[in-house]
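Here is the structure we will look at.
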Amino acid sequence: MVSPNFITEIIDNDLTTGKHSEVVTRFPPEPNGYAHIGHTYASFIDYGIARDYGGRFHLRMDDTNPEGERMEYAEAIIEDLTWLGWDWGEHIYFASDYYDQLYAMAIRLIKAGKAYVDSLPEDAISEYRGTVTEPGKESPYRNRSVEENLELFERMRAGEFKEGEHILRAKIDMASPNMKLRDPILYRILHQSHYRTGDKWCIYPMYDYAHPLSDAIEGITHSLCSLEFVENRAIYDWLVDNLFEEPRPRQYEFGRRSLEYTIVSKRKLIQLVNGGHVSGWDDPRMPTLAGLRRRGVTPESIRDFASRVGTSRTNRTVDIALLEYAIRDDLNHKAPRIMGVLEPLKVVISNYEGEDWLEADYWPSDIAKSGSRKLPFSKTLYIEQEDFAERPPKGFKRLSPGEHVRLRHAYVIRCDEVIKDESGKISELRCSYFPDSLGENVSGIKVKGAIHWLSAEHALKAEIRLYDRLFSVPNPDDEEGTFLDYLNPESLIVKEGLVEPSVLSDAEGSRYQFERQGYFWQDPKDSSPEALVFNRIISLKDSWATKQVKPKADKEAKPAQPKVAASIGEPLDPVLSFSNEQKAKLEKLESKVFGLSHDDAVMLIADDKLVNYFEDAVLAYPNNPQLTANWIINELRRELAADEAPAQKLKAKDLAELIELINQETINNRIAKEVFAEMLEGKTARAIVAERGLEQVTDSSEIEPLIDKVLAANPDKVEAYKGGKTGLSGFFMGQVMRESGGKANPQLVKELIEKKLQ
RNA sequence: UGGCCCAUCGUCUAAUGGCAGGACAAGUGAUUUUGGAUCACUCGGUCGGGGUUCGAGUCCCUGUGGGCCAGCCA
């Protein structure tokens, strides 16, 4: 369901290491608006992962701010997510249910000296916070006694203060480069009643406080959210570390997905509704789930879409064609085919009298379903205006004067005469039909195409609403002016059309394909048997139309963007900021004694820790300083920088031992990396090599059989290689190296392979 | 004069350091009583520059580009 990604990788790891035995995720919407397509993606990851791992999925209303939150929204979100197919069983929660616990935990923090009541006014707090480039200042109230904090906080809760008079903050670090850590606010006073807790509280927890603790309370294992919360993770960890034991939840962030021709910002959606640009939150053009549902889009197709859009750590904008594909792909095998005419053109069959009820299959032959309805045929028909051309363009496969066409499920007709009204507009076609062309009994007349049609006296009038993309540009937010300037004026076109009489006897909520037009269903609000209203869910792919606009499309094609950056920036020379001592050291490392390249020497010297480490290592093994430098720069430094840093324990002389083994060619580079990884666990290089017998194999007579084995096992690859696919040399190398347990001398292997493949 | 995150076909996404693959889009053809669907094929990519390595999309440095952080919002 959810395709593998960096999060499932983490989960796999947590499960195999036993860090968690079960996966518990949650989706935490705030009930202050309607769910939209963006929510489906996030909730899909949460629900899908829990489901895939046989774990638990919680729906939690993140209601920590009484302003704007309403039960009505919570209910709508529940309805929408249920419709989507997410199943949380009994696990529906409200952050507001945790208010007592959260309050108790705040007391604990205060008692531990980790939280304090600040009484600075709002603007001062903002000022004291500093900026992204300047550290903040500590509040004069930061060092109040525990007793005073306890008393003030209790009085805050009791409603003794006005909004803004006091707040509760975590005591972390006002100088942190991470702004979120500059004593984040935990509680604020809000004299507002809450849609669930009423007037019980006048202090409310902030998201940054309530969210991690709610996760921990519920036993969430993997708390997944979007990228803009990366900085918040620091508070998340701080709080959970201070208040909970292992196993505790961890937060992981994924990239958001936006959709072309769509916006989901709550503010902008409201503007669309209030400005009358759409009919409401469930207007079929809206990206809300309510809108999608009313339009007729199936939950299956939305799920399929979400699974086709992958998960990564980058914000991305998805091609809307992918959504459209998912919708069509689902409906293709679900929607019976009927006929509907959007813009009728009258056709009189001169040589036909009376009426016939023809049997017409609901399904094309490539769909393994059966069923049919009766279709009335008579002297006067309607066809689609588009399906007739007085002067047909090249490649036109429909009706034109003197030409034949198949009426879908019925006869072949020929156009004999075109009748126009006073204004010159075509008002009617006179055609003749071929009685022996029905069904398989083809009259011998060849036709290029088949068109849809309806019997004039039997067809039902219907309002047909043709919905299209809401915006005329893929990224309205990236354009000049406001997004409202880019509304697609043709996002809704209403037609007075005709449909088959059979629809009246179909079940409510039936979706159809109007052949050659698209997928439709009756609008669930506005349609009735007396006044039919059909919504177009999605048009059919139209390769004829695509072909027609091709020259234009070529012109519109984006000019090839040069991928190369226009300017090549000069790296800042770090030597400029070096002290005299560092400069002296640089000279030393670049001298013949050490012989390091300039860049490597600079890199080491820029970090005192590294240069000291380097000097110690070279002291322990002086034979190849450059090799030592390479290992420190390319391998060791990464480990030193890692969060959990076992490398701190790796002594310079131990690394020197590894360098010696490499330099003496006792082990090859590939093995060296394996050994290095094990050394982080505290063993020494020589011990690892001896224990596991990792010495390099340099004897051709030992290697050659391995090569023969690999070549024999892959005759096709050998063939391809000899045919010029030299990229396969890496494949052979890899196979042979693997066969040798990684121990073969790679240069030797390479030479031998090349010799054998000549 | 900050910190953090990110960069693979047009789009989205894969590739224990070892054959850059898939899907959508586009194109060609087959098939078709839907210019749909289906099938086959084609087109097309590792942001630039250095380094490590037998071998780099993957590791290191750097440049460029993009995103996020200074609500008593979430």
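Reminder, nothing fancy here: chain letters follow the sequence lines and each chain counts from 1.
- Here A:Y209 lies out of heavy-atom contact (under 4.0 Å) with every strand.
- Nucleic acid contact for A:F732: none, since no nucleic acid atom lies under 4.0 Å from a heavy atom of the residue.
- Heavy atoms only, all atoms of each residue included: A:D62 and A:A95 are closest at OD1-CB, 4.0 Å.
- Counting non-hydrogen atoms of neighbouring residues, nucleotides and ligands closer than 6.0 angstrom, the CZ atom of A:R256 reaches no more than 12 such neighbours.
- Residues that satisfy the side chain to side chain donor-acceptor pair (under 3.5 Å) test with A:H404, not counting sequence neighbours, are absent from this structure.
- In this entry the distance linking CG of A:L604 with P of B:rU52 reads 14 Å, nearest Å.
- Using a 4.0 Å heavy-atom cutoff across all strands shown, A:G734 reaches at least one base atom of the nucleic acid.
- One can place CG of A:N32 at 9 Å from P of B:rA74, the figure rounded to the nearest angstrom.
- Residue-level contact check: A:R638 touches the backbone only, with heavy atoms under 4.0 Å from sugar-phosphate atoms and none from bases.
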Identify all pairs in which a protein N or O lies below 3.5 Å from an N or O of nucleotides 53-57 of chain B, and state each distance.
{"from": "B:rC54", "atom 1": "O2'", "to": "A:K750", "atom 2": "NZ", "distance (Å)": "2.9"}

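- On the C1' atoms, B:rA56 is 15 Å away from B:rC19, given to the nearest whole Å.
- Within 4.0 Å of A:S312, counting heavy atoms only, lie sugar-phosphate atoms of the nucleic acid but no base atom.
- As rounded to whole Å, 11 Å separates atom P of B:rG21 from atom CG of A:L728.
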Nucleotide N/O of nucleotides 22-24 of chain B paired with protein N/O under 3.5 Å:
{"from": "B:rA23", "atom 1": "O2'", "to": "A:R308", "atom 2": "NH1", "distance (Å)": "3.1"}
{"from": "B:rC24", "atom 1": "OP1", "to": "A:Y325", "atom 2": "OH", "distance (Å)": "3.2"}

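- Contact annotation for A:T64: backbone-only contact, meaning every heavy-atom pair under 4.0 Å involves sugar-phosphate atoms and none involves a base.
- In terms of position along RNA chain B, the nucleotide closest to A:T133 lies nearer the 5' end than the nucleotide closest to the other residue of the pair A:M179 and A:T133.
- Nucleotides B:rG63 and B:rC6 have their C1' atoms positioned 16 Å apart, rounded to a whole Å.
- By the salt bridge (charged side-chain N to carboxylate O under 4.0 Å, His left out) test, A:R169 is found to be paired with A:D118, residues two or more places apart in sequence or in another chain being considered.
- Comparing B:rU1 with B:rC61, their C1' atoms are spaced 23 Å from each other, to the whole Å.
- At a threshold of 4.0 angstrom between heavy atoms, the contacts of A:T317 are confined to the sugar-phosphate backbone, with no base atom among them.
- Listed by first residue number, the stems of RNA chain B with at least three Watson-Crick or G-U pairs below 3.5 Å are B:2-7 with B:64-69, B:10-13 with B:21-24, B:26-30 with B:38-42, B:47-51 with B:59-63.
- Residues passing the salt bridge (charged side-chain N to carboxylate O under 4.0 Å, His left out) test with A:R60, sequence neighbours excluded: A:D215, A:E218.
- You'll find that the side chain of A:N315 is closest to B:rG67, out of B:rG35, B:rG67, B:rA37.
- Checked against side chain to side chain donor-acceptor pair (under 3.5 Å), A:S372 has the following partners two or more places apart in sequence or in another chain: A:E359.
- Checked against salt bridge (charged side-chain N to carboxylate O under 4.0 Å, His left out), A:K673 has the following partners two or more places apart in sequence or in another chain: A:E635.
- Residue A:L636 contributes atom CG, which lies 12 Å from atom C1' of B:rC60 at whole-angstrom precision.
- Separation of the C1' atoms belonging to B:rA7 and B:rU46 is 10 Å when rounded to the nearest angstrom.
- With salt bridges taken as basic N to acidic carboxylate O contacts below 4.0 Å, one links A:R516 and A:D387.
- Looking at heavy-atom distances under 4.0 Å, A:T311 makes contact with sugar-phosphate atoms alone, never a base.
- Nucleotides B:rA15 and B:rG57 have their C1' atoms positioned 9 Å apart, rounded to a whole Å.
- Remark: A:P715 engages no residue in a side-chain contact (heavy atoms from CB on, under 4.5 Å) (not counting sequence neighbours).
- Applying the side chain to side chain donor-acceptor pair (under 3.5 Å) test to A:N745 and every residue at least two apart in sequence or in another chain returns A:Q696.
- Using a 4.0 Å heavy-atom distance criterion, A:R129 is classed as a sugar-phosphate-only contact.
- Residue A:L168 is out of contact with every strand shown, counting any heavy-atom pair closer than 4.0 Å.
- Separating the CG atom of A:D599 from the P atom of B:rG49 is a distance of 17 Å, rounded to the nearest angstrom.
- Contacts of A:G395 with the nucleic acid, taken as non-hydrogen atoms under 4.0 Å apart, include base atoms.
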Distance-only criterion, 3.5 Å: show the donor-acceptor pairs between side-chain atoms of residues 181-189 of chain A and protein atoms not counting sequence neighbours.
{"from": "A:R182", "atom 1": "NE", "to": "A:R129", "atom 2": "O", "distance (Å)": "3.0"}
{"from": "A:R182", "atom 1": "NE", "to": "A:M174", "atom 2": "O", "distance (Å)": "3.4"}
{"from": "A:R182", "atom 1": "NH1", "to": "A:S176", "atom 2": "O", "distance (Å)": "2.4"}
{"from": "A:R182", "atom 1": "NH2", "to": "A:R129", "atom 2": "O", "distance (Å)": "3.2"}
{"from": "A:R182", "atom 1": "NH2", "to": "A:T131", "atom 2": "O", "distance (Å)": "2.6"}
{"from": "A:R182", "atom 1": "NH2", "to": "A:E134", "atom 2": "O", "distance (Å)": "2.6"}
{"from": "A:D183", "atom 1": "OD1", "to": "A:R142", "atom 2": "NH2", "distance (Å)": "3.1"}
{"from": "A:D183", "atom 1": "OD1", "to": "A:I172", "atom 2": "N", "distance (Å)": "2.7"}
{"from": "A:D183", "atom 1": "OD1", "to": "A:D173", "atom 2": "N", "distance (Å)": "3.3"}
{"from": "A:D183", "atom 1": "OD2", "to": "A:Y116", "atom 2": "OH", "distance (Å)": "2.6"}
{"from": "A:D183", "atom 1": "OD2", "to": "A:R142", "atom 2": "NE", "distance (Å)": "2.7"}
{"from": "A:D183", "atom 1": "OD2", "to": "A:R142", "atom 2": "NH2", "distance (Å)": "3.4"}
{"from": "A:Y187", "atom 1": "OH", "to": "A:Y103", "atom 2": "N", "distance (Å)": "3.3"}
{"from": "A:R188", "atom 1": "NH1", "to": "A:T64", "atom 2": "O", "distance (Å)": "3.3"}
{"from": "A:R188", "atom 1": "NH1", "to": "A:Y204", "atom 2": "O", "distance (Å)": "3.4"}
{"from": "A:R188", "atom 1": "NH1", "to": "A:P205", "atom 2": "O", "distance (Å)": "2.7"}

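- In plain terms, the two heavy atoms of A:P28 and A:H211 that are nearest each other are CG-NE2, 4.0 Å.
- Here B:rC69 presents its C1' atom at 14 Å from OH of A:Y207, a figure rounded to the nearest Å.
- When distances are taken from the side chain of A:L540 to each of B:rG71, B:rG36, B:rC12, the shortest belongs to B:rG36.
- If you check every strand for non-hydrogen atoms under 4.0 Å, A:K180 touches a base.
- Computed from coordinates, the A:D573 CG to B:rC61 P distance equals 17 Å when rounded to whole Å.
- Counting any heavy atom pair closer than 4.0 Å across all strands shown, A:G164 reaches a base atom.
- When the C1' atom is used for both B:rA25 and B:rG65, the distance is 25 Å, rounded to whole Å.
- For A:E674, the salt bridge (charged side-chain N to carboxylate O under 4.0 Å, His left out) partners at least two apart in sequence or on another chain are A:R692.
- The neighbour count for A:K266 NZ, taken as heavy atoms of other residues, nucleotides or ligands under 6.0 Å away, is above 12.
- One P atom belongs to B:rC60, the other to B:rA20, and the distance between them is 23 Å to the nearest Å.
- A:N178 comes within 4.0 angstrom of no nucleic acid atom, judged by non-hydrogen atoms across all strands.
- A cation-pi arrangement is found for A:K717 relative to A:F731, the charged atom lying closer than 6.0 Å to the ring centre and inside a 45° cone about the ring normal.
- We find that OH of A:Y433 is positioned 18 Å from C1' of B:rU33, with the value rounded to whole Å.
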